[in-house]
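So the structure is just underneath, and the comments pick up after that.
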Amino acid sequence: MNNLKIYNTLSRKIENFKPIHEGRAGLYVCGPTVYSDVHLGNCRTFISFDLIYRYLLYLGYKVRYVRNITDAGHLEGDRDEGEDKFAKKAKLEQLEPMEIVQKYTLGFHEVMRAFNTLPPSIEPTASGHIGEQIEMIKEIIANGYAYETNGTVYFDVEKYNIEFAYGQLTNRKLEDLMEGTRELQGQDEKRGRLDFALWIAAKSETLMKWNSPWGWGFPGWHIECSAMSSKYLGETFDIHGGGMDLQATHHTNEIAQSQACNHKSPVNYWMHTNMLTVNNVRMSKNAGNGFLPGELFTGDHPLLEKGYSPMAVRFFMMQTHYRSTLDFSNEALQASEKGHARLIAAMKTLENLKPTTSTTSDIEALQKACYDAMNEDFNAPILVAQLFEGSRIINSVNDGKETITADDLALLKRTMHGFVFDVLGLGGLVGGPDSYRDNQGQDDKLSSTIDLLLDMRQKAKDRKDFATSDEIRNKLEALGFVIKDGKDGVSWGV
Ligand code: AMP
Ligand code: ZN
């Protein structure tokens, strides 16, 4: 179980994974801020941690996986001043802030299900843990690392830095960080330029507010993760993850808060996923270059040539290591779609392989190579390459060019099923390989039927029978299919 190595952002080294409790692993991942739809960049981070969670489970660890929902206390521009993201959206959509939270939480879950990610063990919300956050802030004040001004509580970064070093996660010194910081709004209330809010006093128009020892207000963004991770995983736990963009502020402040409260370093292994980019620009809500997963599945986006199945997109993500940037392009997705189809075709062939009395390929070596790839900081692209080697063996045996014994065939099946379905999560539907097999036949039939109808539509168009071609298109669209005419022909999605 214990050959797993993890790149630790804090030490900037690949380290052997030693859990606090033998056979168990505690994993906390910063979840979405549910004031709008998640884009594909957010999905990359959650899918990467799904892979990590799945592999820990596959190795036999008993994992407690906590991924929070930020549904309060997140201001525009991730600052201590400004409009609340939920209240702003609520005004815009004429809904209650909690309706916004509900709407986008449900949407997030739907997307996660489509990508076949396993649900976390606990999914705590910030608004459901206001009490825990207040208690933690009280403790930080009592320990001398925070102060109150006009109902807002700030963390005293310079005071903390005397005893603990601020900025270790990004290997920065306080002086350098100070130099790089501009004077910001609310500065008159803060003692130091880098101080950040633990609790923010409500204004008269604030919709989401709670009573506290410092009056009505709401928590700062960072405190929720410190409060919820320590509640469910302990004051020090094994793995904390999130996107790389959270390293410099959110996670740096989480470490500071937890140390100021408990005098302990909260996390043994910090893991950060790299960004999904579009033409080398980070995909983000603010940059306006975000693809929604639904747009990708249907192809209904100006930059897309066609739609892609969720499993082809998941496979696309698995072909790049989680610590490398992943650039989004039609070509890359099309290549992944083909690769995914080849792998799944081999999985189907595997079902019907017949054993003989000898084996020509080394199946044990293949299995070891799969483990080795994942043990080396969850290297999914190398695993995928090994699984293609597995596919080659499958096809070769099927073509009669190689042979395999019954024992080796069982091992090949175990290895391929385990790594393709359980670890990479390419099963298609939650519930694993069995539901994959049950549904795959139906999906294939549906695909063939739609292709047939689109073929008939094309023939109608060719003979200039536009009434029939339009009727086919309109009826398919009425059933919820999205038909897209691109330069390489017609494509469709659901
Ligand atoms: P948010 O909902 O903005 O708090 O983000 C949720 C998660 O998505 C965080 O862990 C972010 O680091 C991550 N994230 C945001 N943008 C990207 C991106 N372009 N690529 C990968 N992860 C991202
Ligand atoms: Zn967080």
Side-chain angles (χ1 to χ4, degrees), residues 26-35 38 42 45-46 49 64-82 84-87 97-98 100-102 104-105 108 120-141 145-146 152-155 169 195-202 206-214 216-237 239-243 245-262 266-267 270:
L27 168 65
Y28 185 93
V29 173
C30 292
T33 308
V34 284
Y35 71 104
V38 282
N42 304 131
T45 287
F46 300 128
F49 282 104
R64 179 175 288 172
Y65 174 23
V66 183
R67 186 184 64 207
N68 69 305
I69 294 275
T70 297
D71 64 346
H74 205 152
L75 302 183
E76 285 286 329
D78 301 339
R79 293 190 319 242
D80 298 341
E81 286 267 324
D84 176 286
K85 287 183 175 177
F86 304 98
M98 275 298 161
I100 296 291
V101 165
Q102 178 75 353
Y104 292 110
T105 302
F108 170 62
S121 333
I122 306 179
E123 197 171 40
T125 61
S127 68
H129 295 75
I130 300 292
E132 287 82 350
Q133 297 178 70
I134 290 177
E135 285 311 309
M136 193 160 189
I137 299 169
K138 275 162 64 180
E139 192 69 27
I140 297 173
I141 296 177
Y145 296 108
T152 293
V153 180
Y154 290 103
F155 189 90
L169 199 54
D195 293 359
F196 57 91
L198 299 174
W199 185 263
I200 301 170
T206 305
L207 296 174
M208 292 167 88
K209 57 188 167 200
W210 291 266
N211 208 354
S212 79
W214 319 283
W216 285 88
F218 54 93
W221 170 34
H222 316 298
I223 193 77
E224 66 173 274
C225 288
S226 292
M228 297 192 286
S229 61
S230 59
K231 172 166 174 140
Y232 296 112
L233 297 171
E235 290 177 355
T236 301
F237 58 93
I239 306 173
H240 190 317
D245 55 321
L246 300 182
Q247 233 171 278
T249 309
H250 184 55
H251 291 163
T252 292
N253 291 347
E254 268 189 52
I255 294 176
Q257 292 165 156
S258 296
Q259 281 184 325
C261 181
N262 306 316
V267 175
W270 281 94

Practice prompt. Using a 4.5 Å cut-off on heavy atoms from C-beta on, say whether the side chain of L207 contacts that of P97.
Written response: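 Side chain of P97 against side chain of L207, heavy atoms only: contact under 4.5 Å found.
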
Worksheet item: Looking at side-chain heavy atoms only, is the closest gap between I223 and I140 below 4.5 Å?
Response: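 A side-chain contact exists here, since the closest heavy-atom pair is under 4.5 Å.
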
Out of curiosity, [X] [atom1] to [Y] [atom2], how far, rounded to the nearest 0.5 Å?
| X | Y | atom1 | atom2 | answer |
| --- | --- | --- | --- | --- |
| I130 | M208 | CD1 | CE | 8.0 Å |
| S226 | N262 | OG | CG | 9.0 Å |
| S229 | L27 | OG | CG | 11.5 Å |
| W221 | E254 | CH2 | CD | 9.0 Å |
| H251 | L169 | NE2 | CG | 8.0 Å |
| S212 | I134 | OG | CD1 | 5.0 Å |

Practice prompt. Check F155, W199, F196 against H222 for a ring pair (Phe, Tyr, Trp, His ring centres under 6.0 Å) and give me the one that passes.
Written response: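 Filter result, single survivor: F196.
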
Worksheet item: Out of W270, F49, Y65, which residue meets the ring pair (Phe, Tyr, Trp, His ring centres under 6.0 Å) rule with H240?
Response: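 Result: among W270, F49, Y65, W270 is the only option passing the ring pair (Phe, Tyr, Trp, His ring centres under 6.0 Å) with H240.
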
Worksheet item: Hey, is the main chain of G31 close enough, under 3.5 Å, to the side chain of N68 for a donor-acceptor pair?
Response: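 Checking the backbone N and O of G31 against the side chain of N68, a donor-acceptor pair under 3.5 Å is found.
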
Worksheet item: Please walk me through it: do I137 and W214 pass side-chain contact (heavy atoms from CB on, under 4.5 Å)?
Response: CA-CA 11 Å; I137 299 169; W214 319 283; 3.5 Å; yes

Discussion item. For a quick test of reading the model, state the closest non-hydrogen atom pair linking Q259 to P266 and the distance between them.
Written reply: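 Closest approach of Q259 to P266, heavy atoms only: CG-CD, 4.3 Å.
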
Discussion item. Please identify which of these residues, E135, H129, E132, meets the side-chain hydrogen bond (donor to acceptor under 3.5 Å, both in side chains) condition with K231.
Written reply: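 Going through the options one by one, the only one that passes is E132.
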
Item to complete: For D245, enumerate each residue passing the salt bridge (Lys or Arg N to Asp or Glu O under 4.0 Å) test, keeping only those at least two apart in sequence or located in another chain.
Response: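 Here the qualifying residues are R282.
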
Worksheet item: By side chain to side chain donor-acceptor pair (under 3.5 Å), which residues pair with Q102, not counting sequence neighbours?
Response: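 Listed in chain order: nothing, the list is empty.
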
Practice prompt. Report the C-alpha separation of M228 and Y28 in whole Å, then their side-chain angles, then the decisive distance to 0.1 Å, and conclude whether the side-chain contact (heavy atoms from CB on, under 4.5 Å) test is met.
Written response: CA-CA 9 Å; M228 297 192 286; Y28 185 93; 4.0 Å; yes

